[in-house]
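Here's the structure, in structure tokens; my notes come after.
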Amino acid sequence: MTGISNSFWPVRLASVVGVVALCFALDRVVLAAAPAQYRLLILASLFVILAVSLNLINGITGQFSIGHAAFAMIGAYTAGTLSKNPTFANMPPAQLLAVMTLIGALTAATFGFIVGLPSLRLRGDYLAIVTLGFGEIIRIVTNATESLGGSYGMPVAPKVQLLWWSLLMMAVCIALCRNLLKTTHGLTFLAVREDEVAGLAMGVNVTMTKVVAFVIGAAFAGAAGAILAHTEAFISPRTFPMEMSFIILTMVVLGGTGSITGSALAAVVLFAIPEYLRTLTDAQGKAYEMNAGLFMGVLIGIMIAVAASKWIQTNVHEKGKKLGFYAGAWLAVIPLGFLFQTILHLSPTLKQLSFGIDILRYAVFAVVLIALMLLRPQGIFGHHEIGWHWFRKRPAGATEGGAA
Amino acid sequence: MSEAQPILRLDEATIKFGGLTAVNKVSFELNRGDIFGLIGPNGAGKTTCFNLITGVYKPTSGEIYFQGQPIGGLAPNKIATRGICRTFQNIRLFSALSSVENVMIGAHLRHKVPLVGALMLSAKSVAETSALREHAMHLLELVNLADYANHRSADMSYGKQRRLEIARALATDPELILLDEPAAGMNPQEKEELLYTVRRIRDELNKTVLVIEHDMRFVMGLCERIVVLDHGEEIAQGPPDAIRNNPKVIEAYLGEPA
Ligand SMILES: Nc1ncnc2c1ncn2[C@@H]1O[C@H](COP(=O)(O)OP(=O)(O)OP(=O)(O)O)[C@@H](O)[C@H]1O
Ligand SMILES: [Mg+2]
């Protein structure tokens, strides 16, 4: 596939039309078959946008940013404030949502640029601290600003829930990142991640590349925020807690830093799990609770299994033996869990204590992250993309080659 | 621009790190088409010289001219754009990427399609990317790595990684290429091939070459002129034969056969 083939434009047109049609079709199908899930699917697609856009900054460009929710918040509050303006208020809903998405994206991108420029001279941990601080500042300032509704929050009118639009934005976000990686431009982003000094020596404008990643990433987060504001019709600082940034980060790390499809998939799964847990109730309609002692016991068991796996990874080399060792280590979690529960229950306070199942997810996320960092730092999918090529035979190699 | 003008000129280039003068008033000139050697014992300031030329450090005093223009203190990526590219003593490849991708990043410097085109995956950017890939493959052939195009660069042997760095630097299409100990860690046969490759870079690709190397047989066999540094000072300059017999050089290397 070299050069421009005759079929380039027809294929391009067909794929764009196809994606738009698919978004509409999905919207109709969900509306007809599962209207109760309509809003949740919008939220899921927004989280995919957030994860994939953070992946551009964190995974592809290698800039450890952990304040992504702040950009979504900026987009949301921009949309919430501007849609009150009579110029916009009289628009048809779909048009309003589109305009607000665009403005939210632009505002967030501007902030991305402002934050990006000075902080991009920082590396690693320092950048992480600055982005974290930025996120908190935005949240606290909003909390204290009466005209933005302060800590109570602000209603957003009109309420516009359009699944096809958020799906379309998701498709655009994924497509842009994927396109980038298919060209040499994308390689320069990866070069910044791999080695800045070598990148500079090859003429890569490292600062510019980082700023561009920040601006594009922030823009998509802002777009997601604007859509979120109109979907929920109400936003407050509590809509964008610090945990949100961490959850998005978990999605990226879990999916594989650098893998677009990986982070998209992780976003859906990590969004779905707590939503599912929330629907779990017992016969009386009460949320399930878990005994704190048992929970902690199992966590301790898992940490031991992780440590054992790490040891197996480096010290056992024979394949069959390795599998056996892994199986043993992870099966041991069950008896270990009960063992530690018994020990922990020596404390009467712990024996009484229990948590709602959906709150425990934070602890689960933390454990998953730690396990991943130890056992597979590149994330579940590593730098690889999920795609048709998994089902084909292909030569060994790290590249995803060729053009679409 | 006259042909007589040196392509690179160091004019009393100096850099101090705190109390240490790593490079002290070093001056030398490279003419177009030279294969020029930069030698000296460990810690002499050779790599620091490269870092000055490529903009990693700004000279404390003195100036560096490339094609007649002062470049001291320009950003490294600007200097690469002007036409100087280098390899690194402590190999710095883009480890997680394949060989061909490493070389394509070098070639990226000479590309034209703007970022927006890439994001839209415009026909032009697709065509350009495959053209750059092809160009990268040619360069991999030049350094005998065509069979390793899709191998993760970090997984390759030391000698191959050094050759890959040369291909990546060549991909930026520089006028002047700086090689920092390209033969380090190579076996005699690989060194022989490298000698041949560097000559081809000069003769067929018309590049000027500045090379740091500890292997004296290699340097003496390759370079037409050599400058010797010791403790940041320039102690000798001239053709290989004169350098070999220079008492100052022999003393600096103290017993090492020069
Ligand atoms: N960034 C820096 N800060 C402080 N000192 C430095 C720095 N870079 C280099 N030096 C010092 O400058 C001196 C020259 O180092 P340089 O790496 O240029 O030596 P070299 O000639 O390349 O030696 P080798 O043959 O071992 O590679 C050394 O003493 C080194 O410690
Ligand atoms: Mg050195």
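To find a chain, count down the sequence lines: A is the first, B the second, and so on, and within it residues start at 1.
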Checklist entry - Quick one: CG on B:L97 to CD on A:E194, what's the gap to the nearest 0.5 Å? => result 4.5 Å
Checklist outcome for this item: Counting heavy-atom pairs under 4.5 angstrom with chain A, the leader among B:P76, B:P174, B:A171 is B:P76
Checklist entry - Can you find a heavy atom in the side chain of A:N179 that is under 4.5 Å from one in the side chain of B:L119? => result no
Item to check | Rounded distance [0.5 Å steps], CG in A:N205 versus CG in B:N77 | outcome: 5.0 Å
Next on the checklist: Is A:V197 in contact with chain B via its backbone, its side chain, both, or neither, using a 4.5 Å heavy-atom distance?
Outcome noted: both
Checklist outcome for this item: Tightest non-hydrogen contact, residues B:F88 and A:A201, listed as CZ-CB, 3.7 Å
Next on the checklist: In the structure I gave you, are the side-chain heavy atoms of A:T183 and B:V126 within less than 4.5 Å of one another anywhere?
Outcome noted: no
Checklist entry - Of the backbone (N, CA, C, O) and the side chain (C-beta and beyond), which part of B:S95 lies under 4.5 Å from a heavy atom of chain A, both, or neither? => result both
Checklist entry - Checking heavy atoms, do the side chain of B:R82, its backbone, both or neither come under 4.5 Å from chain A? => result neither
Next on the checklist: Using heavy-atom distances under 4.5 Å, tell me whether B:P114 contacts chain A through its side chain, its backbone, both, or neither.
Outcome noted: backbone
Checklist entry - Can you tell me how far the NE2 atom of B:H111 sits from the CG atom of A:L187, to the nearest 0.5 Å? => result 11.0 Å
Item to check | Rounded distance (nearest 0.5 Å) linking atom CZ of B:R86 with atom CE of A:M202 | outcome: 8.5 Å
Checklist entry - With a 4.5 angstrom heavy-atom cut-off, which part of B:V113 approaches chain A: side chain, backbone, both or neither? => result backbone
Checklist entry - Among B:G55, B:A118, B:G117, B:A80, which has the most heavy-atom pairs under 4.5 Å with chain A? => result B:A118
Tell me which donor-acceptor pairs under 3.5 Å the side chains of residues 216-225 of chain A have, and how far apart each pair is, sequence neighbours excluded?
none

